[in-house]
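Written below as structure tokens is the structure these notes are about.
Nothing fancy with the numbering, it's 1 onward along the sequence. Just follow the structure's listing: the first ligand is 1, and inside any ligand the first atom is 1. In what follows, every heavy atom counts, from backbone to side chain, and hydrogens, waters and symmetry copies are set aside.
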Amino acid sequence: MSSQELVNLDEFEALAKTKLPKMAFDYFASGSEDEYSLRENRNAFSRIRLRPRILVDVSSVDASTTVLGFRISMPVMVAPTAMHKLAHPEGEVATARAISAADTIMILSSSSSCSMEEVAATGPGVRFFQLYVYKDRQITTQLVHRAEDAGYSAIVLTVDTPRLGRREADLKNKFKLPPHVSYKNVEGLLNVNNLEKTSDSELAAWADNLFDRSLNWKDVKWLQSITKLPVILKGILTVEDAILAVQAGAAGIMVSNHGARQLNYVPATISVLEEVVKAVGGQVPVFLDGGIRRGTDVFKALALGASGVFVGRPSVFGLAVDGEAGVRKVLQMFQNELEITMALMGVCSIKQICRNHVQTEHEHHTAINSKL
Ligand SMILES: Cc1cc2nc3c(=O)[nH]c(=O)nc-3n(C[C@H](O)[C@H](O)[C@H](O)COP(=O)(O)O)c2cc1C
Ligand SMILES: CCCCC(=O)C(=O)O
């Protein structure tokens, strides 16, 4: 099958599976342990129903929106995912081109296989830099300053990864990077000669040895003290932490469970979104990632209060299937599905999407019980 024949994002995943070595596909696709949260990220979307309004003039539908002051074509942006050269030889450079052509925002992983400067050199585009804090704070500081110099517009601090979750597929495959793929942003900077073999997955051993497990709320202040860029916190799942994030001066919050690759048995992100949004009370934008595969998923997240969503695996699978063109097609698919959903829901602009457009499972049961 060629990528031209694909009609939905699940088919991209299926085709990517046929194209990639097992070790690479499993790394991209899998979640942690027995993957309860991975299934929930999708299943929870299917339990939310839509409440369309009819006889609205939808001859012109505009999905564009603004995120941190940047005008983008749609509220679908690309989450940071590591090691794109495992998917395609051009790696993040191809991904970046496709994302700027689609006029949306890319978050580059600090564990990318093309350097942040190579990605920036692909041309104009709004890009944020995702940060893992290394024990070596000097290197971490350098990364942040390099991101500023290269024109990145925000720092996205990942807060759910003091250690890597147990990804059993990677353990079984004895995950190892092939010789042509490396941690480009820190190549030659970190001392990686005597890494302790803490895991059968080299990726987990990398994180175990080098990531700073002592990372805590004080470090958010530290990060803000070394950069003028807005700092977004990625990986928040509770009201308690959302409130602390606002108090810490976060410029935005990403409700995320890391694509269900970290702690298993955390809830689906879409199921905690609304309580986080309520607690934050509009002080900063709240974004969501995890399991977004359809225009209807995007719509549901916006109706429950997200200012925008991010997709992780879909763009990687697009890249695996057809390089830059594959990522473009994935993003076009989101745009197209979202615009059709908006038209069928009776809304012409993102601002018109509201809470009454969705019914959660809880509301469905309450409605049934009230009739009994
Ligand atoms: C292959 C892969 C690599 C990832 N690498 C990173 C990373 O380097 N930094 C990070 O903060 N999150 C990383 N994530 C998590 C994503 O940013 C995002 O939270 C998740 O993929 C969203 O779920 P989705 O894949 O269902 O869209 C990664 C996810 C995947 C699937
Ligand atoms: C050490 C790189 C970690 C990448 C990552 O966050 C992931 O695979 O989920």
Residue part near ligand 1, for [X], under 4.0 Å between non-hydrogen atoms:
X: Arg42; value: neither
X: Ala82; value: both
X: His258; value: both
X: Lys234; value: side chain

Subset of ligand 2 atoms that lie under 4.0 Å from at least one heavy atom of [X]:
X: Arg261; answer: 7 (C), 8 (O), 9 (O)
X: Ala82; answer: 4 (C)
X: Phe211; answer: 1 (C)
X: Arg167; answer: 7 (C), 8 (O), 9 (O)
X: Trp206; answer: 1 (C)

Within ligand 1, which atoms have a heavy atom of [X] less than 4.0 Å away?
X: Thr158; value: 10 (C), 11 (O)
X: Ser256; value: 19 (O)
X: Tyr27; value: 1 (C), 3 (C)
X: Phe28; value: 1 (C), 31 (C)
X: Ala79; value: 17 (O), 18 (C)
X: Val311; value: 27 (O)
X: Gly312; value: 21 (O), 24 (P), 25 (O), 27 (O)
X: Ser109; value: 7 (C), 8 (O)

Give the intermediate values and the outcome of salt bridge (Lys or Arg N to Asp or Glu O under 4.0 Å) for residues Glu363 and Arg355. CA-CA 12 Å; Glu363 288 159 351; Arg355 184 60 178 83; 2.4 Å; yes
Among protein heavy atoms, which lies nearest [atom], and at what distance?
atom: atom 28 (C) of ligand 1; result: Pro80 O, 3.6 Å
atom: atom 2 (C) of ligand 2; result: Ser111 OG, 3.5 Å
atom: atom 7 (C) of ligand 1; result: Tyr132 OH, 3.5 Å
atom: atom 19 (O) of ligand 1; result: Asp289 OD2, 2.7 Å
atom: atom 8 (O) of ligand 2; result: Tyr27 OH, 2.6 Å
atom: atom 6 (O) of ligand 2; result: Tyr132 OH, 2.5 Å

Nearest to atom 20 (C) of ligand 1 by heavy atom, Gly259, Ser112, Ala260, Gly235: which?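 Minimum heavy-atom distance to atom 20 (C) of ligand 1 goes to Gly259.
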Side chain to side chain contact (heavy atoms under 4.5 Å, CB included) evaluation trace for Leu304 with Ile270: CA-CA 8 Å; Leu304 291 168; Ile270 190 67; 3.9 Å; yes
Evaluate the criterion salt bridge (Lys or Arg N to Asp or Glu O under 4.0 Å) for residue pair Arg146 and Glu117; output intermediate values, then yes/no. CA-CA 8 Å; Arg146 278 169 56 198; Glu117 289 84 4; 2.8 Å; yes
Assess, by modelled atom type and distance only, whether the side chains of [X] and [Y] contain a donor and an acceptor separated by less than 3.5 Å.
X: Glu339; Y: Gln335; value: yes
X: Asp160; Y: Asn257; value: no
X: Arg127; Y: Thr122; value: yes
X: Glu92; Y: Ser112; value: no
X: Asp208; Y: Thr198; value: yes

Has ligand 2 got any nitrogen or oxygen that is less than 3.5 angstrom from a nitrogen or oxygen of Tyr183?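 It does not: no N or O of Tyr183 is found under 3.5 Å from an N or O of ligand 2.
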Distance-only N or O hit between ligand 2 and His258, under 3.5 Å: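 Yes, since at least one N or O of His258 sits under 3.5 Å from an N or O of ligand 2.
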Considering only heavy atoms, does Gln130 approach ligand 2 within less than 4.0 Å through its side chain, its backbone, both, or neither?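 Neither; nothing of Gln130 gets under 4.0 Å from ligand 2.
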Are Phe211 and Tyr132 close enough that their ring centres sit under 6.0 Å apart?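 That pair passes the under 6.0 Å test.
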Please report the C-alpha distance between Arg137 and Asp212 in whole Å, then the side-chain angles of each, then the deciding distance to 0.1 Å, and finally whether the salt bridge (Lys or Arg N to Asp or Glu O under 4.0 Å) criterion is met. CA-CA 9 Å; Arg137 289 297 172 101; Asp212 190 346; 2.7 Å; yes
Aromatic rings Tyr27 and Phe175: how do their planes relate, parallel, tilted or perpendicular, breaks at 30° and 60°?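 If you compare the ring of Tyr27 with that of Phe175, the planes turn out tilted.
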Whether Trp206 and Tyr183 hold their rings parallel, tilted or perpendicular, with breakpoints at 30° and 60°: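 If you compare the ring of Trp206 with that of Tyr183, the planes turn out parallel.
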Non-hydrogen atoms of Ser182 and Glu187 that approach each other most closely: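 Nearest heavy atoms, Ser182 then Glu187: OG-OE2, 2.7 Å.
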Search all heavy atoms of Arg39 against all heavy atoms of Asp34 and return the closest pair with its distance.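 Heavy atoms of Arg39 and Asp34 come nearest at NH1-O, 3.0 Å.
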Is the closest side-chain heavy-atom distance between Arg167 and Glu33 below 4.5 Å?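 Arg167 vs Glu33: side chains apart.
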Compare all side-chain heavy atoms of Phe287 with those of Val309 and state whether any distance is below 4.5 angstrom.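 Answer no - side chains too far apart.
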Show, in sequence, the C-alpha distance, side-chain angles and deciding distance for Asn209 and Asn194, and conclude whether the side chain to side chain contact (heavy atoms under 4.5 Å, CB included) test is met. CA-CA 9 Å; Asn209 278 275; Asn194 297 312; over 6 Å; no
Please identify which of these residues, Ile107, Val159, Asp289, meets the side-chain contact (heavy atoms from CB on, under 4.5 Å) condition with Lys234.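 Option passing the side-chain contact (heavy atoms from CB on, under 4.5 Å) with Lys234: Asp289.
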Would you call Met83 a ligand 2 contact, heavy-atom distance under 4.0 Å?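 No, that is not the case, since the closest heavy atom of the residue is not under 4.0 Å from the ligand.
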Ligand 1 to Ser111 polar contact by distance, N or O atoms, under 3.5 Å: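 Such a contact does not occur with ligand 1.
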Within the structure, does Gln130 bring an N/O atom to less than 3.5 angstrom of an N/O atom in ligand 1?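 Between Gln130 and ligand 1, an N or O pair is found under 3.5 Å apart.
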Determine, using heavy atoms of Met83 and all atoms of ligand 1, whether some pair is separated by less than 4.0 Å.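 False for this residue.
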